[in-house]
2 protein chains.
Amino acid sequence: MLRKVKEVAELTGISIRTLHHYDRIGLLSPEQVTEAGYRQYSDRDLETLQQILFFRELGFQLKRIGEILKSPEFDREEALLLQREALLEKRARLDRMIGTLEKTIQDAKGEIEMTDKEKFEGFDFTNNPYEDEARRRWGDEAVDRSNQALANMGPEGQKQTGEQMEALFRKLAAMRNQDPDSEEVQQAIGEWHAFLNSMGHTYSPEAFKGLGQLYIQDERFTRNMDKFGDGFARFMAEAMGIRSDRLQG
Amino acid sequence: MLRKVKEVAELTGISIRTLHHYDRIGLLSPEQVTEAGYRQYSDRDLETLQQILFFRELGFQLKRIGEILKSPEFDREEALLLQREALLEKRARLDRMIGTLEKTIQDAKGEIEMTDKEKFEGFDFTNNPYEDEARRRWGDEAVDRSNQALANMGPEGQKQTGEQMEALFRKLAAMRNQDPDSEEVQQAIGEWHAFLNSMGHTYSPEAFKGLGQLYIQDERFTRNMDKFGDGFARFMAEAMGIRSDRLQG
DNA sequence: GTTGACCCTAACGTAACGTCAGACCTTATA
DNA sequence: TATAAGGTCTGACGTTACGTTAGGGTCAAC
């Protein structure tokens, strides 16, 4: 089912301009566009939009939201759980503020005395606390750089890159029961290495091997990779290790 | 007790730049400034700042906050009570969002089904709901215009105007036991009328009388006026009515 | 009397849209 | 089938609430 801007705006309570804006900055581009250029939002788009709004409510910048959503480690279910935690924390903060307010009311009536510090409890919101957690989960500097490279190529390039990557993964996944040391596999892994390098990463052999290890050490990576096929993460880790060793002699 | 910017910033959790900003736009100017231009915030300033932060938390624009704080009908205790209501409502909204999130988590697992509308419950935040209430309390168009006039004259002018108004009120309050029909009182009321007109109001005799009625019909006005002396509001209403009648008759 | 922590203004930058303007698209109805 | 009403598009400039240097004065301590 496809929806036009107005419908989405009414459904979600955000403005049409906001949808335009999110499209422009590449945060949420509708899955389809008509001949005439009318945006058509799919159900998947709505899901993404919901994610965006949750993150926005938590005080994330749109740029950061985009990075998170596009991060290879991103996992929707995990995000939802983390967001729940964060929202609960936000509610706790709000409760502290309400407490402060109630104390202030009594203070104004002269019923109690408040210290200056107490008068501002709950306000301290120093550069959102959830960011730390989010960074731990979905973004270290390496990922940031990768996203930077993606961002630099604009929306069209991004889409292409994403497709390219997926195609490569599918190709590799199809080989996951072969010997990772075989020429065919090593050839494909070379392509993967080249692809990463082309994105501005410049992975040294060691780093390339390390990345492979990450695929099996970090279960979030593992889960995501294994969507391409059971044991794909492990297969990649092995193949990447072999390539690294070969390159280093 | 006077505090420098850094201290205030640390106490409240807002940045120094924000304090500078609030000073610049005339939202919160420190009660004192040293020779060298160092800002010195008093306890009263902190109280005001707390008010500002509460309103800000509720999504008010700084400009609007300034208008409210400077509105003649503004009453701190009442504001605190209203803010409590608003914060509770905000928490309720947050609860709805958390509910939505939890449902979404179950939906993602396939445990339940959600309608599209449900997926966005709690987000709808159409131009803050508290504004309505605040407008009912502290600002109709007339007040807005008055504040507009005030704003137009810049911070220095504002201060002067405020002082001028206070001086006039004190003068009138001192006469509140005299006959409102007396020449002395009518003379002073004339000054008050002229003062209002000079602020861009152009009060017709009827409007001037109406304003006087407002002083006794709206208890918030009454309370504020009576701070200048018991029965001051009523006295003003009578004197203003008499002036109006004289002008028309 | 100089160092380091703190303060100032001025001015430009940024994020996330709001708000037109001018033009094209779609659809219900006469 | 024409046409009016309502939706949508892309610029492009405006706005709010600060962040971020840059360049320079102030104050207390050693």
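Keep in mind that what you see is a predicted model, and the values were worked out from it rather than measured. Chain identifiers are assigned alphabetically (A, B, ...) following the order of the sequence lines, protein sequences preceding nucleic acid strands; residue numbering begins at 1 within each chain.
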(request) Consider the side chain of A/K4, meaning its heavy atoms from C-beta on, and name the nucleotide among D/dA17, D/dT8, C/dC7 that approaches it most closely. (result) D/dT8

(message) Of the options C/dC17, C/dC7, D/dT8, whose atoms approach the side-chain atoms of B/K6 most closely?
(response) C/dC7

(message) Among residues at least two apart in sequence or on other chains, which ones pass ring-ring contact (aromatic ring centres under 6.0 Å, His included) with A/Y41?
(response) none

Grab the N/O contacts between the protein and nucleotides 21-25 of chain D below 3.5 Å, and write none if there aren't any.
residue : atom : partner : partner atom : Å
D/dG25  : N2   : B/Y38   : OH           : 2.9

(message) Rounding to an integer number of Å, can you tell me how far B/L19 CG sits from C/dT9 P?
(response) 12 Å

(message) Taking the minimum atom-to-atom distance to the side chain of B/Q61, which one of C/dC7, D/dT8, D/dT16 wins?
(response) D/dT16

(message) Could you work out, with side chain to side chain contact (heavy atoms under 4.5 Å, CB included) as the rule, every residue matching B/E77, not counting sequence neighbours?
(response) A/A108, A/K109, B/D75

(message) Checking B/S42 now: which residues fulfil side-chain hydrogen bond (donor to acceptor under 3.5 Å, both in side chains) with it, not counting sequence neighbours?
(response) B/E31, B/D45

(message) Without decimals, in angstroms, what is the distance between A/Q40 CD and C/dC25 P?
(response) 15 Å

(request) Return yes if some donor-acceptor pair links the side-chain N/O of B/Q106 with the main-chain N/O of B/K103 below 3.5 Å, else return no. (result) no

(request) Verify side-chain hydrogen bond (donor to acceptor under 3.5 Å, both in side chains) between B/T104 and A/Q50, making sure each step is shown before the conclusion. (result) CA-CA 10 Å; B/T104 305; A/Q50 193 208 32; 2.9 Å; yes

(message) So, does B/S15 get its side chain near the phosphate of D/dC18, meaning an N or O under 4.0 Å from OP1 or OP2?
(response) no

(request) Measure from CD1 on B/I14 to P on D/dG19 and round the result to the nearest Å. (result) 10 Å

(request) Go through the structure and list residues passing salt bridge (Lys or Arg N to Asp or Glu O under 4.0 Å) with B/D23, not counting sequence neighbours. (result) B/R39

(message) Can you list everything that forms a salt bridge (Lys or Arg N to Asp or Glu O under 4.0 Å) with A/R17? Sequence neighbours excluded, please.
(response) none

(message) Side-chain N or O of A/Y22 versus OP1/OP2 of C/dC17: is the shortest distance under 4.0 Å?
(response) yes

Tabulated below should be each protein N or O lying under 3.5 Å from an N or O of nucleotides 2-4 of chain C; please produce it.
none

(request) To the nearest Å, give me how far apart CD (B/E7) and C1' (D/dC27) are. (result) 16 Å

(request) Nearest-nucleotide wise, let me know which of B/I25 and B/A36 is further upstream toward the 5' end of DNA chain D. (result) B/I25

(request) Just jot down the salt bridge (Lys or Arg N to Asp or Glu O under 4.0 Å) partners of A/R91, sequence neighbours excluded, or say none. (result) B/D95

(request) Answer yes or no: is there a donor N or O on one side and an acceptor on the other, between the side chain of A/E10 and the main chain of A/E7, under 3.5 Å? (result) no

(message) What is the separation between atom CD on B/E35 and atom P on D/dC27, rounded to the nearest whole Å?
(response) 9 Å

(message) In this structure, how many angstroms lie between the P atom of D/dT15 and the CZ atom of B/F60, rounded?
(response) 22 Å

(request) Toss me the dot-bracket line for DNA chain D: Watson-Crick and G-U wobble, both under 3.5 Å, 5' to 3', using | for pairs to another strand and [ ] for crossers. (result) ||||||||||||||||||||||||||||||

(message) Just N and O in the side chain of B/T18: are any of them under 4.0 Å from OP1 or OP2 of D/dA17?
(response) no

(request) For the pair A/F55 and A/F60, name the ring-plane relationship: parallel under 30°, tilted 30 to 60°, perpendicular over 60°. (result) perpendicular

(request) Kindly write out the residues that satisfy salt bridge (Lys or Arg N to Asp or Glu O under 4.0 Å) with A/R84, not counting sequence neighbours, or none if the list is empty. (result) B/E102

(request) Whole angstrom is fine here: how far is it from CD1 in B/I65 over to P in D/dT16? (result) 13 Å

(request) Would you mind reading off the distance between B/I16 atom CD1 and C/dT9 atom P, rounded to a whole angstrom? (result) 12 Å

(request) For B/T100, enumerate each residue passing the side-chain hydrogen bond (donor to acceptor under 3.5 Å, both in side chains) test, keeping only those at least two apart in sequence or located in another chain. (result) none

Are any protein N/O atoms closer than 3.5 Å to N/O atoms in nucleotides 10-13 of chain D? If there are, list each pair with its distance.
residue : atom : partner : partner atom : Å
D/dT10  : OP2  : A/R39   : NH2          : 2.1

